[in-house]
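Both ligands and their constituent atoms are indexed starting at 1 by order of listing. The analysis underlying the following values was restricted to heavy atoms, covering all of them including side chains, and did not include hydrogens, waters or symmetry mates. We number each residue from 1, following the sequence as shown.
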Amino acid sequence: MVTPPVVLAIAGTDAGGGAGIAADLTTYAALGVHGASVVTAVTAQDTTAVHAIHAVPLSVVQAQLDAVLADLAPAVVKTGMLGTAEIAELVGRRCAGLPLVVDPVLRATTGATLAGPELVEAYRSALLPVATVVTPNAAEARVLLGLTADGATPARELAVRLARLLRGPAVLLTGGPEADPAATCTDWLARPGQEPLALGHPAVATTNDHGTGCTHASALAAYLARGDDLEAAAVGAAAWVTAQLAVSRSWQLGRGRGPVAHTSSTTRPLNHSAPRTPVPLTEEIA
Ligand SMILES: Nc1ncnc2c1ncn2[C@@H]1O[C@H](COP(=O)(O)OP(=O)(O)OP(=O)(O)O)[C@@H](O)[C@H]1O
Ligand SMILES: Cc1ncc(CO)c(N)n1
């Protein structure tokens with residue numbers, strides 16, 4: 001067997017397994033690359049909300065980074081939730097010069113804020129400038145550009161403006177199906193000195209979309225590690241997330257926005273009964 005390339009995910013955990021490290025590592029496994037992981041934050045999170053966040057101490061993040069970077073030589077590094085400005089600055093210092101996919105995680109699908117103003121500033125000053133490609137959604141691009149959150153700037157222009165601001169990294173602005181669930185989703189790929197490229201794919205009508213951003217950015221990193229150029233990797237990542245959304249479309253997992261599928265396809269039929277009822281919360285038991 002040929003040794004697979006290594007992709008390093010630097011991200012937070014999601015107890016519910018939809019987003020974060022769970023999405024990253026399962027995507028790497030499915031796409032045939034070896035996943036290493038540096039955990040930056042532990043979240044108590046489910047399909048309805050983020051209930052608690054514990055930032056991993058900087059020294060422990062540094063030790064994890066040292067362990068992986070010195071030993072495994074990742075082909076690509078991908079960042080997700082970073083938690084604090086000092087972690088973003090550390091990652092910027094340690095990963096500059098490596099192929100680096102930065103998914104600027106500012107908010108969960110459930111609405112929770114995952115990055116305060118100091119971390120947003122650290123993204124701008126320390127991490128985005130050393131990225132190879134940045135994958136914001138429209139709301140994240142607006143925040144990074146310092147625009148009002150509810151502005152009406154078209155997605156194409158947001159991508160172009162962010163690429164112009166960053167002067168080097170490419171921007172792959174992801175577009176969910178907000179406007180019309182039956183329509184096409186369009187991601188915009190803006191690269192310095194080139195016309196922006198619209199990458200359209202069919203929208204899947206589903207509310208099981210928790211973790212799409214992480215899955216998409218991880219697939220992008222995996223395809224880049226496998227040797228695709230940026231455009232091919234972007235097309236592949238959109239196709240991957242769309243296929244996984246189609247798999248989980250009718251799932252009944254959780255009380256909120258269920259996870260995008262991270263299962264691999266199997267020829268063996270499932271042999272389990274209906275989903276179990278949830279166990280009461282700790283305070284309901286006490
Ligand atoms: N319902 C859908 N059908 C098809 N593709 C989708 C759908 N929702 C999201 N996608 C695709 O998934 C990728 C990432 O989506 P999106 O921009 O919604 O991520 P995000 O808002 O960062 O997600 P999250 O908040 O879960 O991290 C994009 O390529 C987008 O087009
Ligand atoms: C840990 C984690 N990373 C990223 C996201 C964004 O979807 C999330 N909700 N949770």
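Interface atoms of ligand 1 facing Pro202, defined by a heavy-atom separation under 4.0 Å, are 4 (C). Within the listing of ligand 2, atoms 9 (N) sit less than 4.0 angstrom from a heavy atom of Ala108. Residue-ligand proximity, Val204 to ligand 1, at heavy-atom distances under 4.0 Å covers atoms 1 (N), 2 (C), 3 (N), 4 (C). Ligand 1 places these atoms under 4.0 Å from at least one heavy atom of Asp187: 28 (C), 29 (O), 30 (C), 31 (O). Atoms of ligand 2 found under 4.0 Å from any heavy atom of Leu114, numbered from 1 in the order shown, are 5 (C), 8 (C), 9 (N). Atom numbering of ligand 2 starts at 1 in the shown order; those under 4.0 Å from a heavy atom of Met81 are 1 (C), 3 (N). Applying the 4.0 Å criterion to heavy atoms of Gly211 picks out, from ligand 1, the atoms 26 (O). The ligand atoms of ligand 1 that sit less than 4.0 angstrom from a heavy atom of Ala203 are 3 (N), 4 (C). Against a heavy-atom cut-off of under 4.0 Å, Thr13 is close to the following atoms of ligand 2: 1 (C). With ligand atoms numbered from 1 in the order given, ligand 1 contributes 17 (O), 20 (P), 21 (O), 22 (O) to contacts under 4.0 Å with heavy atoms of Asn137.
Between the choices Leu245, Thr186, Asp14, Leu199, the shortest heavy-atom distance to atom 7 (C) of ligand 1 belongs to Leu245. One option in Ala11, Ala112, Gly16, Gly20 has a heavy atom closer to atom 2 (C) of ligand 2 than any other, and that option is Gly20.
Of the polar atoms of Glu140, none of the N or O atoms is found under 3.5 Å from an N or O of ligand 1, judged by distance alone. For ligand 1, the polar-atom distance check against Gly213 finds a nitrogen or oxygen pair separated by under 3.5 Å. Polar contact with ligand 1: present for His201 (N/O pair, distance under 3.5 Å). In terms of polar-atom proximity, defined here as any N/O pair under 3.5 Å, Thr212 does make such a contact with ligand 1. Any N or O atom pair closer than 3.5 Å counts here, and Thr174 shares at least one such pair with ligand 1.
Distances shorter than 4.0 angstrom do not occur between any heavy atom of Ala217 and any atom of ligand 1. In this structure, Gly213 has no heavy atom closer than 4.0 Å to ligand 2. Close to ligand 1: Gly175, with a non-hydrogen atom less than 4.0 angstrom away.
Remark: Glu118 CD is loosely packed, at most 12 non-hydrogen atoms of other residues, nucleotides or ligands lying under 6.0 Å away. Under a cut-off of 6.0 angstrom, the local environment of CZ in Arg226 is sparse, with at most 12 non-hydrogen atoms contributed by other residues, nucleotides or ligands.
Between Arg156 and Glu195 there is a salt bridge, with a side-chain nitrogen of the basic residue lying less than 4.0 Å from a carboxylate oxygen of the acidic one.
Of the protein's heavy atoms, Ala19 CB, 3.9 Å lies nearest to atom 7 (O) of ligand 2. Here the protein heavy atom with the shortest distance to atom 9 (N) of ligand 2 is Gln45 OE1, 2.7 Å.
The OG1 atom of Thr47 sits 9.5 Å away from atom CG of Asp14, with the distance rounded to the nearest 0.5 Å. Separating the CZ atom in Arg124 from the CG atom in Leu166 is a distance of 10.5 Å, to the nearest 0.5 Å.
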request  = Would you check, one step at a time, whether the test side-chain contact (heavy atoms from CB on, under 4.5 Å) holds for Leu173 with Glu140?
outcome  = CA-CA 9 Å; Leu173 187 128; Glu140 290 159 347; over 6 Å; no
inquiry  = If you apply the rule side-chain contact (heavy atoms from CB on, under 4.5 Å), what do you find for His34 with Val7, and how did you get there?
reply    = CA-CA 6 Å; His34 177 79; Val7 179; over 6 Å; no
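If you look at Ala237 next to ligand 1, there are no close heavy atoms at all, none under 4.0 Å. For Val241, every heavy-atom contact with ligand 1 shorter than 4.0 Å involves the side chain, none the backbone. Counting heavy atoms under 4.0 Å from ligand 2, residue Cys214 touches it through the side chain alone.
Side-chain contact check for Asp103 and Thr135: at least one donor-acceptor pair (N or O, by modelled atom type) lies under 3.5 Å. A donor-acceptor contact under 3.5 angstrom links the side chains of Asp24 and Ser218, judged on distance only.
Of the possible donor and acceptor atoms, none in the side chain of Thr184 sits under 3.5 Å from a partner among the backbone N and O of Gly200. The backbone N or O of His51 lies less than 3.5 Å from no partner atom in the side chain of Gln45, so there is not a single donor-acceptor pair.
Counting all heavy atoms, side chain and backbone alike, Val105 lies closest to Met81 at CG2-N, 3.6 Å. Of all heavy-atom pairs spanning Pro259 and Trp251, the tightest one is O-CE3, 4.2 Å.
You'll find the side chain of Leu147 reaches within 4.5 Å of the side chain of Thr153, heavy atoms only.
Using a 4.5 Å cut-off between side-chain heavy atoms of Ile, Leu, Val, Met, Phe, Trp and Tyr, with links allowed through other members, Val143 and Leu162 fall into the same hydrophobic cluster.
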